[in-house]
Amino acid sequence: MKYFYPENSILLAPLAGFTDLPYRNSARRFGCKYAFAEMVDAGSLVYGNAKTFRFMERGDNEEWLGAQFLGSNPEILSKATQIMNEYNFDVLDFNLGCPAPKVVKKGAGAALGLRPDDAIRAFDSIVKLSRFPVTAKIRILDEQDPAPTVDLCKRLEASGAKAITIHGRIKDKFYAGDVFHDVIDAVREEVDIQIIANGGVMGTESYDAIREQTGCESVMLARGAMGNPWIFKLLLDPETFLHPTAVELAEEMETHILNMIDYYNESLALKIGRKVILDYLKGRGYGGTMKSRVSKICKLDDFKGFIDDIKQGPNDSYWDWLNYNPDAERQLRQV
Ligand SMILES: Cc1cc2nc3c(=O)[nH]c(=O)nc-3n(C[C@H](O)[C@H](O)[C@H](O)COP(=O)(O)O)c2cc1C
């Protein structure tokens with residue numbers, strides 16, 4: 001088997017609307033090396049959408065950074081690849097797994113994955129011109145029968161894919177339900193390139209299970225890392241891992257959002273940062289009152305006051321709950 005990522009790599013997925021530079025920096029503070037920028041729509045790049053060009057920025061301290069394309073038209077993808085060649089990435093990934101209705105309607109993402117001939121034509125148009133190694137990210141095509149997924153991956157391999165990330169859910173399941181590890185395993189058995197397993201990794205138990213049941217040593221994290229950059233530290237070194245305290249949680253949220261303010265501006269950062277803040281609070285015992293305050297954060301002062309309150313920690317009932325649920329994947333450490 002040819003490795004593209006070193007053995008046992010843990011990748012941060014491209015997450016549309018999330019994995020901007022401040023987001024990646026937060027993950028990197030906890031040990032994430034292999035991170036992807038936000039997905040780039042090939043058409044937006046070709047037609048010069050200003051917002052799209054921001055997705056191409058690489059931080060000075062980013063040792064490794066991947067880009068991801070979305071599209072279906074080979075001509076547009078060729079043009080977009082030539083534009084992409086002017087930027088600095090370590091890999092160019094092709095999205096064959098996005099199930100969002102507006103993407104599927106255009107025949108891209110997961111809809112393209114279901115049309116292997118068209119998918120390969122599109123993929124070839126990128127490989128032919130890219131100065132970067134090209135990989136693909138797909139969903140499984142069938143839950144019961146591995147053959148269609150194996151076939152797509154073999155064809156991607158023959159077209160020059162250096163690695164393939166497989167999300168073990170079909171298009172119609174979006175992000176819910178079982179992850180079919182056996183289908184990922186069947187692909188891994190049949191190709192020579194590295195297969196990265198993806199889907200449902202939220203902590204050590206799911207991490208161990210996906211690796212064991214797919215036979216893939218490397219894994220991509222998505223929702224498990226949202227609001228939880230500590231997961232990188234946990235999976236890289238579970239023996240010494242300590243959950244963050246309320247103060248550590250608040251400090252990381254503050255650093256992340258202040259970085260966003262530097263990167264965008266105060267009002268935009270606080271607006272798009274609300275979903276980021278809510279992700280940090282998820283599963284950590286902060287009640288509805290704190291969560292509803294998030295939508296009212298408009299100024300830096302509001303945010304600072306909010307952070308001070310987060311430092312006070314969740315209600316006492318959370319610590320009682322934790323006594324009964326000591327294995328909760330996202331939790332705070334009581335000091
Ligand atoms: C908010 C959000 C945005 C996503 N954006 C992308 C994307 O731009 N490109 C992509 O390949 N997958 C994207 N995904 C899918 C994830 O990369 C991943 O395949 C999926 O969430 C399954 O992994 P998980 O169960 O660990 O979350 C996104 C998922 C979420 C929840």
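As a basis for the values below, the full set of heavy atoms in this structure was taken, side chains included, without hydrogen atoms, waters or symmetry mates. Order of listing sets the numbers, starting from 1, for every ligand and every atom in it.
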Pairs under 3.5 angstrom only: tabulate donor-acceptor contacts from the side chains of residues 95-107 to other protein residues two or more places apart or in another chain.
{"unit_1": "Asn95", "atom_1": "OD1", "unit_2": "Gly97", "atom_2": "N", "d": "2.8"}
{"unit_1": "Asn95", "atom_1": "OD1", "unit_2": "Cys98", "atom_2": "N", "d": "2.9"}
{"unit_1": "Asn95", "atom_1": "ND2", "unit_2": "Gln68", "atom_2": "OE1", "d": "3.4"}

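- Between the CZ atom of Phe36 and the CG atom of Asp93 there is a distance of 5.0 Å, given to the nearest 0.5 Å.
- Listed as neighbours of ligand 1 are Ala13, Pro14, Leu15, Ala16, Phe18, Met39, Gln68, Asn95, Lys137, His167, Arg169, Tyr175, Asn198, Gly199, Gly200, Val201, Ala222, Arg223, Met226, each bearing a heavy atom under 4.0 Å from the ligand.
- Ion pairing between a basic and an acidic side chain is recognised when a charged N comes within 4.0 Å of a carboxylate O; Lys154 and Glu157 show no such pairing.
- For the residue pair Tyr263 and Glu57, a side-chain donor N or O sits within less than 3.5 Å of a side-chain acceptor on the partner.
- Listed by first and then second residue, the side-chain hydrogen bond (donor to acceptor under 3.5 Å, both in side chains) pairs that reach into residues 111-130 are Arg115-Asp118, Asp117-Arg155, Asp118-Arg121, Asp124-Ser159, sequence neighbours excluded.
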May I have the list of side-chain donor-acceptor pairs in residues 226-234 shorter than 3.5 Å, sequence neighbours left out?
{"unit_1": "Asn228", "atom_1": "OD1", "unit_2": "Arg284", "atom_2": "NH2", "d": "2.9"}
{"unit_1": "Asn228", "atom_1": "ND2", "unit_2": "Gly224", "atom_2": "O", "d": "3.4"}

